[in-house]
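Below is one structure, written out as structure tokens; comments come after it.
Both counts, for ligands and for their atoms, begin at 1 and track the order of listing.
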Amino acid sequence: MPLTEKIALPKLDWAYNALEPHISGQINEIHHSKHHQTYVNSFNAAIDQLEAAEKKNDLQSIVEIQQNIKFHGGGHLNHTNFWKSLAPVSAGGGKVPGTESPLGKQIACQYGSTSELIDLINVKLAAIQGAGWAFLVKNREAGGALDIVTTSNQDVPPAKYTVLLAIDAWEHAYYLQYQNVKMDYFKAIWNVMNWKGAEHRFSE
Ligand code: MN3
């Protein structure tokens, strides 16, 4: 069955250069208008190809196309979560949840403090081999407990999780600015982390 509508590149809530100096405008522009757009286009093309292959009962193609759907569809979902996870400092980016907020309380309960949670996520980001993602998630099957999940390539977190924050650990997310020093990128990104959005998603 075809989808009822094509997926589209989401508009950003901020200008490409609004996260500077932590993430350069050049990175955001290429990342959004080229990389993410390619995931969108390739997913839409693969959905059409799947329909054609299904009509021909072409099993070999069906299997191959589904791998493309997983990769490009995952790329679209992960990047959509990534853009929502970022905010300019002027719009509250980097401002961690207060201890009185539900998310702040849950962080304190499980990790001690937001800075300890950030350190832990950075350790997991550093341990990703090759391309991948780290996510702060809420486990809806475990009473809303927080968890840190990493995935490879464009794999998405299991559906029982609500993504609160998504961090892109692919080289294309930092290389133009940070080159091989990816830890500097992982440290800098917390200055523009949209915790307000995370609090909203946590409370949904
Ligand atoms: Mn990316």
Working note: Lys160 + Asp147, criterion salt bridge (charged side-chain N to carboxylate O under 4.0 Å, His left out); need CA distance, chi angles, decisive distance, verdict.
CA-CA 11 Å; Lys160 67 179 176 180; Asp147 206 349; over 6 Å; no
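- Within the 4.5 Å cutoff, the side chain of Asp155 has heavy atoms near those of the Lys70 side chain.
- For the pair Lys182 and Tyr174, the cation-pi criterion (under 6.0 Å, within 45° of the ring axis) is not fulfilled.
- At least one N/O/S atom of His31, from backbone or side chain, sits under 2.8 Å from the Mn ion (ligand 1).
- Take the N/O/S atoms of Asp168: the one nearest the Mn ion (ligand 1) is OD2.
- Between His79 and His32, the ring centre distance reaches or exceeds 6.0 Å.
- Distances from the Mn ion (ligand 1) show that His35 has no N/O/S atom below 2.8 Å.
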